[in-house]
Structures are given as C-alpha cells and as structure tokens.
A.B. asks: 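This is the structure I want to talk about, given as structure tokens.
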Amino acid sequence: MTTRVSPRVGSALRLAIAVVISDLVGLNLFDTVHAATFCSFATVAALYFLDFDGSTRERLGGYAAATAVGLVGLVIGTFVAHTLWLAAIAALFVAFAFAFARVLRGYVARSAVGVQMAFVLAVLTPAQPADLDSYLLAWLTGSVIACIAALVIFPKRHTGELRAALNEWCSRAAALSRSVGTPQASEHVADLERARENLRSQWLGTAIRPGMVSVRMRALVQMRFEAVMATRSLSSLVATSPSIPNARPLSDVCAQGFEFAAATVSAGHPVGGRAPVEDARVADADRTVQWVGDALHAARVEPETAGAQAVRELEAHNTVRVLSIAAEAMQRMAARSVGAPSPDPTLTLPLKGSVGEQLHANLSWRSFWFRNAIRSAIAVTAAIVVARLLGVEHGVWVAMSVLSLIQVTFSGSGTQRSAVQTSLGAVGGVVIAAAVIAVFPEGWMLFSLLPVAAFIAKWAAIGRPGLAQISYTPFAIINMSVLAWPSPADLTTERLLDILIGMAVALVATFVAFPHGIATIVASGWDAAHSAAQACLRACVKVLTPWMPCSCQRQPRPTRCALPLRARGGCWRRCSSARCSGPLVTCPCAPPQSPASPRPWTATVVATAD
C-alpha cells in the first residue's frame with residue numbers, strides 16, 4: 001500500500017490488520033491455545049513494541065534479528081520453566097541483558113520489551129519441552145505475518161524522513177554561510193531555526209529513532225546533535241555581523257561543506273568531493289592573526305577606540321569559525337552515514353564507539369543504563385517467582401505489567417509521575433475492558449472489536465504513559481479473550497489482580513534502583529558536565545590572562561619580569577600579595593612593544609574560541 005497516511009495512523013492500521021490475521025492463523029493452524037497465544041504475541045511484539053522503521057533492507061534485517069532472538073529466548077524459557085530456581089536465575093540474566101542493551105538505542109532498545117516476551121511467556125505458561133516445536137513454529141509464524149505487514153502495509157520509512165530533515169538543515173546552513181555579515185543573515189538564521197525545529201519534530205515526535213549499533217546509525221545521531229548545537233550557537237553569534245572581507249574566504253568553503261552534506265545525506269551516497277573546510281580554517285586562523293595583530297599594533301595610537309574595535313571584530317569573526325566547525329562535522333558525518341570512510345572531525349565530539357565500547361563504558365553504577373538493567377532484572381525475576389508461587393494461571397500478565405512500568409518509568413521525564421500514570425492507566429484499562437465485555441459478551445462480538453482495540457492501542461502508544469496503558473490494556477484483554485474463548489466470567493477480576501501484583505513488584509524495584517527518580521541522576525550528570533566545562537573555561541582564561549589583578553594597588557616587586565603577556569607597550573604583573581584581586585599594574589621592566597607581539601596572543605584567542 002502506497003497511499004499517503006501519517007506514520008502514526010499507518011502503524012495503528014498495520015497492527016489492527018496483522019493481529020486479526022495472526023489470531024485467525026494461530027487458532028486454525030495450531031491445536032493448543034498456548035501455541036496460538038505464542039503466534040499472536042509474536043505479532044504484537046513486532047508491530048506494537050518494535051515497529052521498526054528505515055529502508056526495506058533495514059526493516060527486514062531488524063525483524064529477522066528480533067525473530068531469531070525471540071526464538072532463542074523461547075527455547076531457553078522452555079527448558080528452565082519447570083524448575084523455579086533455574087527459571088529465576090535465567091530470568092536475572094535475560095532481563096538484565098535486554099535492559100542493558102537499550103544503551104544501543106534504536107532497533108535494539110525497541111526490542112527490549114517485545115522480544116523478551118518470548119522468554120517470559122515460555123517460563124510462565126509454563127511451556128512443555130515436548131511442545132517446543134509447535135511453540136517455535138507459532139512464534140515464527142506470528143513474526144513472519146508481522147514482517148510481511150511491516151513491509152507492505154503503509155511501510156514506515158522514518159529514517160528517510162530524518163535524512164530529509166538533515167538535508168533541509170544543511171541547505172539552510174549553506175545559505176547562512178553565504179550571507180554572513182550581510183543584512184540577510186538574520187533571515188537565514190530564522191530559516192535555520194525552523195529547520196532545527198523540523199528536525200526536532202522528526203526526533204521527538206515519535207518513538208522511532210536511529211540506533212547506535214551501526215556506524216551509519218551513529219553518524220545520523222551525531223548529525224542531529226551537531227545541527228541542534230550549531231543552531232543554538234549561531235543564533236546568538238550571527239547578530240555580531242563579522243567583517244565580510246575577513247569572513248568571506250572561510251564562509252564560502254563552509255557553504256560548500258554544508259552543500260556536500262545535504263546532497264550526500266539525501267542521496268544515500270557521496271555526491272562529489274568534500275570541501276577543504278579544515279584547510280580553510282587553518283588559513284583563516286593565519287589571516288586572523290595577521291589582521292588582528294595589525295589592528296592592535298595600530299591601536300597604540302588610539303588604544304581606547306581602535307583597540308576595542310579590533311577586539312570586537314575578532315569576537316564577531318567567531319561566527320564564521322563556528323560555521324566552519326559545524327560544516328566540517330556535518331560533511332564528515334554525512335559521509336559516514338552513507339558508508340563512506342571519513343575520519344572524526346577534530347573540533348567536535350567523536351563518533352560514538354563500537355557496540356563493545358558503548359557497553360563497556362556503561363558498566364558502572366554511575367550509569368543509569370546499568371541501574372535500569374539491575375532494576376529490570378530484579379523486577380522481572382520477582383514477577384516470575386511471585387506469579388509461580390501464587391499459582392497465577394496467566395502469570396504473563398504480572399510480567400507484562402512489570403515490563404510496562406519499567407519501560408515508562410525509564411523513558412519518562414519523571415519516574416514517580418510516570419509510575420503513577422501507568423498504574424492508573426492499567427487499572428482504568430481493566431475497567432474499560434470489563435465494561436466492553438459486559439456489553440459485547442459473545443465471542444464474535446469481541447473478535448469484531450479486536451481490530452478497533454488494536455488500532456486505538458497503537459495510535460495512543462506515542463503519548464502520555466497513562467493514555468498508552470489505558471489503551472493497551474483493553475486491547476490485550478480482548479485479544480486474550482478471543483484466543484481463549486470462552487473466557488471465564490471473572491476474567492477481568494483476575495486480570496486486575498495480576499496487574500496489581502505486577503505493579504507492586506515493579507514499583508518496589510523502581511524505588512530501590514532510583515529512590516529519587518532518574519531525573520536526579522541526569523541532573524547530577526549535568527552538574528558534573530557543567531563543572532567540567534567551567535574548569536575548561538577557567539583553564540583557557542588562565543592561558544590568556546595568566547596574572548591575577550591587584551586590588552591593593554601595590555607595585556610589583558622590582559624583580560626580573562617573565563613577560564607572560566604583552567599588550568599596549570608593557571607587560572602585566574600581579575601584586576606580591578596572594579590575596580589581591582584588583583586592577584592590574586604595569587611592570588616597569590617590560591621592553592618596548594614590538595609590532596608582532598599581539599600575534600601570539602591572537603592565535604591563542606582564536607584556538608581557545610574554537
């Protein structure tokens with residue numbers, strides 16, 4: 001189907017159609033309800049929880065890998081299901097692995113809940129080893145149905161939309177580069193900000209984001225980050241209006257770099273050659289040292305006017321320097337995003353490391369990814385143990401409640417708030433399901449309502465946790481009722497108890513791992529990063545102004561001066577008192593100012609600003 005619909009509606013229609021087909025196939029192809037349930041769960045896991053995006057090849061590869069992992073989990077779950085302590089140990093490792101793998105984001109992160117359900121369902125059925133072949137066939141059948149639906153029913157190509165948004169941003173940046181220093185620059189900044197907002201909407205308006213597994217995916221993530229950061233910097237800098245003669249040589253090369261990035265990320269292959277932005281920035285630094293040095297030397301005649309003007313022009317020139325850093329980063333990452341070799345940019349954050357490096361870097365209690373993995377392992381294991389000890393007939397509901405709460409309280413902005421919203425949504429969903437079953441008590445009626453419930457559940461999945469849960473729970477209950485028809489009269493009461501047990505287990509695990517919420521850990525990381533940035537800035541300032549000013553106006557000691565910094569005919573020395581913080585005084589031992597003396601200072605300023 002190629003009819004144009006929104007990705008959200010397309011995903012909802014895809015799930016609604018596929019789950020009906022999967023239930024019909026499962027009920028007619030397999031002899032047991034358990035096997036039919038595996039078939040249906042595989043489809044729901046693939047299209048509700050995973051719902052991969054990207055090219056046909058990327059989505060096909062993603063679903064194939066998820067299916068393979070699900071089959072392995074099903075095998076492990078079947079063979080450990082009948083020994084509780086063995087099942088608990090296996091659950092610890094499986095739940096930790098799936099949750100910790102979320103650090104890789106993208107396809108892997110979206111598989112953490114859905115694919116894990118194969119293992120959980122096998123443990124809590126509990127699956128019989130003698131029936132393993134039918135369970136494997138059922139999971140494979142449901143996965144194939146989901147994969148076909150994903151490829152032909154309103155296929156999702158969000159990665160292409162993200163590339164289009166990056167293409168737009170790079171094109172706007174190229175136009176801004178050619179207008180630096182002109183009155184039109186402010187208009188192009190506004191265009192660049194609109195392109196950034198479009199890029200943000202592509203990123204934040206959906207749960208579908210590039211992952212960190214392949215180099216191409218990591219390059220797209222880095223391009224998005226660079227675009228947002230560069231826009232923020234340029235919006236504040238471009239109003240300074242740098243001198244056009246000084247800025248034009250570098251800004252023209254920047255425009256070429258952005259144009260290469262725009263064409264490459266859109267076409268999917270390198271278009272032409274990369275612009276020599278790095279060489280142009282080095283040449284610009286040499287020119288900047290020359291014209292600033294000349295201006296400061298001329299400022300000896302009028303230090304209060306010409307000197308200040310030279311410094312202002314140097315500050316304004318930083319705009320084009322920022323442009324060059326962004327242009328070099330974007331064109332190199334664009335090349336990486338299409339598989340072309342390219343070294344890391346010199347003045348931006350390097351590309352995220354390999355899968356092994358990312359996992360190793362987060363093997364620490366300071367990492368909230370690691371803490372969440374510990375929390376997930378404890379919660380899922382506790383859910384399995386509690387459900388088995390209490391003899392819960394459909395213990396999978398306990399585990400599903402745990403996984404749902406773990407999911408939203410990790411990705412939500414506030415742990416406690418998300419937990420409350422999800423819990424209330426689950427309880428509300430049971431109430432709605434009970435009302436629906438009371439009004440439509442026949443099996444064929446519920447089967448007719450199944451696609452409607454599936455559509456609503458998927459459509460509401462991207463939104464507030466409470467809304468997502470209150471929409472998913474009725475769909476899940478209706479689906480289970482269809483698979484196990486006729487359902488018991490007290491079905492909704494049992495589901496409510498199962499959900500409450502799961503919520504209690506998940507809440508305990510959540511507050512053990514994150515007693516003050518995830519936001520506290522993120523805030524702590526922000527404070528640490530801010531402190532490091534301040535220390536870096538202080539170190540840069542120390543390079544430029546190595547002497548502290550003197551508040552007591554005491555003359556420096558008449559010892560030989562080291563001449564750390566020369567400016568306006570003399571060197572600056574601090575007072576011999578260690579507690580001084582006032583105006584600088586001129587050291588009388590300084591030799592006369594030479595015409596070239598401002599240039600090392602200017603070179604240091606330019607390098608520090610970069």
Side-chain angles (χ1 to χ4, degrees), residues 1 7-26 29-30 35-75 77 98 101-102 105-122 135-159 206-209 211 213 396 399-400 403-404 407 450-451 453-455 457-459 461-462 468 472 475-476 479-480 483:
M1 295 185 182
R8 193 173 185 179
V9 173
S11 294
L13 288 173
R14 188 160 51 246
L15 175 63
I17 295 171
V19 75
V20 171
I21 296 174
S22 182
D23 283 9
L24 287 173
V25 171
L29 183 62
F30 302 104
T37 302
F38 275 102
C39 182
S40 182
F41 264 63
T43 301
V44 173
L47 297 182
Y48 181 86
F49 293 103
L50 278 62
D51 200 18
F52 292 147
D53 73 308
S55 66
T56 300
R57 179 180 178 181
E58 290 171 337
R59 282 176 288 137
L60 185 60
Y63 283 115
T67 300
V69 175
L71 292 173
V72 172
L74 198 158
V75 171
F98 273 105
R102 292 186 65 182
R105 295 134 172 123
Y107 284 6
V108 177
R110 294 197 294 278
S111 303
V113 174
V115 177
Q116 191 176 176
M117 288 306 300
F119 168 81
V120 173
L121 189 60
Y135 295 155
L136 291 174
L137 180 59
W139 189 270
L140 181 61
T141 301
S143 299
V144 170
I145 291 172
C147 184
I148 293 174
L151 295 178
V152 302
I153 302 176
F154 304 117
K156 178 175 278 185
R157 300 185 179 91
H158 183 267
T159 300
T206 176
I208 308 305
R209 305 175 186 177
V213 176
V396 67
M400 286 174 60
L403 288 172
S404 296
Q407 173 90 349
L450 180 61
F455 180 92
K458 184 58 181 177
W459 186 88
I462 303 174
Y472 175 78
F475 157 64
N479 189 36
M480 292 292 288
L483 291 171

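Hydrogens, waters and symmetry mates are skipped; everything else that's a heavy atom, side chains included, is used.
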A.B. asks: Any non-hydrogen side-chain atom of Cys147 less than 4.5 Å from a side-chain atom of Thr67?
C.D. replies: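 Contact flag for Cys147/Thr67 side chains = no.
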A.B. asks: How long is the gap from CZ on Phe41 to CG on Leu74, to the nearest 0.5 Å?
C.D. replies: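 It is 12.0 Å, given to the nearest 0.5 Å.
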A.B. asks: For residues Ala12 and Trp459, report the shortest heavy-atom separation together with the two atoms involved.
C.D. replies: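 It is CB-N, 4.0 Å.
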A.B. asks: Which heavy-atom pair separates Ala138 from Ala35 by the least distance, and what is that distance?
C.D. replies: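 Between these two residues, the closest heavy atoms are CB-O, 3.1 Å.
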A.B. asks: So, do Val115 and Leu50 sit near enough that their side-chain heavy atoms are less than 4.5 Å apart?
C.D. replies: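 In contact.
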A.B. asks: Distance-only, no hydrogens or angles: does the Arg14 side chain make a donor-acceptor pair with backbone N or O of Ala149 under 3.5 Å?
C.D. replies: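 Here the side-chain-to-backbone pair does not exist.
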A.B. asks: Compare every heavy atom of Ala118 with every heavy atom of Gly70, then report the nearest pair and how far apart it is.
C.D. replies: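 Looking at all heavy atoms of both residues, the closest pair is O-CB, 3.3 Å.
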A.B. asks: Partners of Ser143 by side chain to side chain donor-acceptor pair (under 3.5 Å), sequence neighbours excluded?
C.D. replies: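 Ser143 satisfies side chain to side chain donor-acceptor pair (under 3.5 Å) with no residue once adjacent residues are dropped.
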A.B. asks: Taking all atoms of both residues into account, what is the closest heavy-atom pair of Ala461 and Ala468, and its distance?
C.D. replies: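 The pair with the smallest heavy-atom distance is O-CB, 3.9 Å.
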A.B. asks: Report the residues that fulfil side-chain contact (heavy atoms from CB on, under 4.5 Å) with Ala16, sequence neighbours left out, ordered by chain and then residue number.
C.D. replies: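 So Ala16 forms a side-chain contact (heavy atoms from CB on, under 4.5 Å) with Pro451, Ala454, Phe455.
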A.B. asks: Is the distance between the ring centroids of Phe98 and Phe119 under 6.0 Å?
C.D. replies: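 Ring centroids of Phe119 and Phe98 are no less than 6.0 Å from each other.
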A.B. asks: Should the pair Tyr48 and Tyr472 be assigned to parallel (<30°), tilted (30 to 60°) or perpendicular (>60°) ring geometry?
C.D. replies: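 Judged by the thresholds at 30° and 60°, the geometry between Tyr48 and Tyr472 is tilted.
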A.B. asks: Can you name the nearest heavy-atom pair linking Phe154 to Gly10, along with the distance?
C.D. replies: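 Heavy atoms of Phe154 and Gly10 come nearest at CB-CA, 3.9 Å.
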A.B. asks: Check whether any side-chain N or O of Thr141 sits under 3.5 Å from a backbone N or O of Leu137 as a donor-acceptor pair, and report yes or no.
C.D. replies: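 Yes; at least one donor-acceptor contact below 3.5 Å.
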A.B. asks: To the nearest 0.5 Å, what is the distance between CG on Asp23 and CG on Leu483?
C.D. replies: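 Interatomic distance, Asp23 CG to Leu483 CG, rounded to 0.5 Å: 4.5 Å.
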A.B. asks: Measuring from atom NZ of Lys458 to atom CZ of Phe49, what distance do you get when rounded to the nearest 0.5 angstrom?
C.D. replies: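 CZ of Phe49 is found 9.0 Å from NZ of Lys458.
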A.B. asks: Thr43 side chain to Val19 main-chain N or O, any donor-acceptor pair under 3.5 Å?
C.D. replies: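 Side chain of Thr43 to backbone of Val19, a donor-acceptor pair under 3.5 Å: no, none is there.
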A.B. asks: Over all heavy atoms of both residues, which pair between Arg59 and Pro155 is shortest? Give the atoms and the distance, please.
C.D. replies: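 Shortest heavy-atom contact: NH1-CB, 3.3 Å.
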A.B. asks: Side chains of Val44 and Met117, heavy atoms from C-beta outward: is any pair under 4.5 Å?
C.D. replies: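 No, side chains not in contact.
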A.B. asks: By the definition side-chain contact (heavy atoms from CB on, under 4.5 Å), identify the one residue from Ile153, Leu47, Ile145 that meets it with Ile17.
C.D. replies: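 Exactly one candidate clears the test, Ile153.
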